[in-house]
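Down below is the structure, laid out as structure tokens.
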Amino acid sequence: MALKIRLARGGAKKRPFYSIVIADARSPRDGRFIEKIGTYNPMLPREDAQRIVLNAERAKHWLSMGAQPTDRVVLFLANAGLVAKPEIRETPKKSAPKAKAQERAKAAAAAAAGE
């Protein structure tokens, strides 16, 4: 059985509240789960202590059992010091503006600086 540490959404419309749960990878997002190990309230400010509440002991246990955290949960666990922080990937050069768009941006910046 493949285990995931992921978020299960709760709360009202436009007022999200998430539970951090251990679930079988095949079960739906808000469906059956094995254990709830914390909560995440994105409506609170970043510095609020109640924004992310995590039972570190249980998270450590499930990680040792082979549970794979999702991308968002990895950030929570990294901030708690349970896993290594993921590397920040650079934006690919392919998506950068092309030559003409860069020239227009420079011209607009020069025009704005000249005023």
Side-chain angles (χ1 to χ4, degrees):
M1 175 165 68
L3 295 174
K4 287 276 192 186
I5 304 176
R6 65 179 178 210
L7 299 175
R9 193 180 194 282
K13 182 178 178 183
K14 300 200 180 200
R15 303 284 302 170
F17 185 85
Y18 297 93
S19 296
I20 303 170
V21 299
I22 311 297
D24 184 357
R26 297 168 294 185
S27 63
R29 179 191 72 179
D30 300 335
R32 191 174 70 197
F33 60 89
I34 299 167
E35 183 180 351
K36 179 180 169 184
I37 62 169
T39 59
Y40 168 55
N41 187 353
M43 301 301 287
L44 295 175
R46 286 189 189 272
E47 58 276 354
D48 195 319
Q50 294 299 310
R51 182 176 167 97
I52 300 170
V53 177
L54 185 66
N55 184 342
E57 184 178 314
R58 294 305 294 166
K60 216 179 292 185
H61 166 74
W62 285 108
L63 286 169
S64 70
M65 298 290 284
Q68 294 296 312
T70 58
D71 294 341
R72 176 61 58 175
V73 175
V74 165
L75 295 175
F76 299 158
L77 295 174
N79 290 336
L82 298 174
V83 296
K85 274 201 182 255
E87 75 281 350
I88 298 172
R89 291 180 255 161
E90 287 187 34
T91 306
K93 303 280 186 231
K94 193 174 186 179
S95 65
K98 303 299 182 244
K100 283 189 177 180
Q102 287 179 351
E103 289 174 19
R104 282 194 295 267
K106 284 181 186 175
E115 288 181 12

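When reading the values below, keep in mind they use all heavy atoms of this one structure, side chains included, and skip hydrogens, waters and symmetry mates. Note that the structure is predicted; figures quoted are calculated from it, not measured.
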**OP:** Would you sort out whether I34 and V21 count as a side chain to side chain contact (heavy atoms under 4.5 Å, CB included), showing the intermediate values?
**Re:** CA-CA 7 Å; I34 299 167; V21 299; over 6 Å; no
Subject >> Gap separating the CD1 atom of I20 from the CZ atom of R72, nearest 0.5 angstrom >> reply: 11.0 Å
Original post:
Between R6 and P69, is there a donor-acceptor pair closer than 3.5 Å when you use the side chain of the first and the backbone of the second?
Top reply: no
**OP:** Measure the shortest side-chain to side-chain distance between L77 and L63 over non-hydrogen atoms and say whether it is less than 4.5 angstrom.
**Re:** yes
Subject >> Within one Ile-Leu-Val-Met-Phe-Trp-Tyr cluster: M65 and V83, side-chain cutoff 4.5 Å >> reply: yes
Original post:
What class does the angle between the rings of Y40 and F76 fall in, given that below 30° is parallel, 30 to 60° is tilted and above 60° is perpendicular?
Top reply: tilted
Original post:
Do the side chains of M43 and P16 get nearer than 4.5 Å, heavy atoms only?
Top reply: yes
Original post:
Is there a path from F17 to I52 through hydrophobic residues (I, L, V, M, F, W, Y) whose side chains come within less than 4.5 Å of each other?
Top reply: no
Original post:
Does the side chain to side chain contact (heavy atoms under 4.5 Å, CB included) test come out yes or no for L7 and R29, once each step is laid out?
Top reply: CA-CA 7 Å; L7 299 175; R29 179 191 72 179; over 6 Å; no
**OP:** May I ask you to check whether over 12 heavy atoms, not counting those of K106, lie within 6.0 Å of atom NZ?
**Re:** no
Original post:
Quick one: CH2 on W62 to CD1 on I37, what's the gap to the nearest 0.5 Å?
Top reply: 9.5 Å
**OP:** Compare every heavy atom of K85 with every heavy atom of A78, then report the nearest pair and how far apart it is.
**Re:** CB-CG, 3.7 Å
**OP:** Give, for atom CD of Q50 and atom CG of L44, the distance between the pair rounded to the nearest 0.5 Å.
**Re:** 8.0 Å
Original post:
Is the count of non-hydrogen atoms from other residues, nucleotides or ligands lying under 6.0 Å from R9 atom CZ greater than 12?
Top reply: yes
Subject >> Same apolar cluster: F33 and I5, side chain cutoff 4.5 Å >> reply: no
Original post:
Within a radius of less than 6.0 Å around CG of D71, do more than 12 heavy atoms belonging to other residues, nucleotides or ligands occur?
Top reply: no
Subject >> Contact summary for K98 and K94, nearest pair of heavy atoms >> reply: NZ-O, 3.1 Å
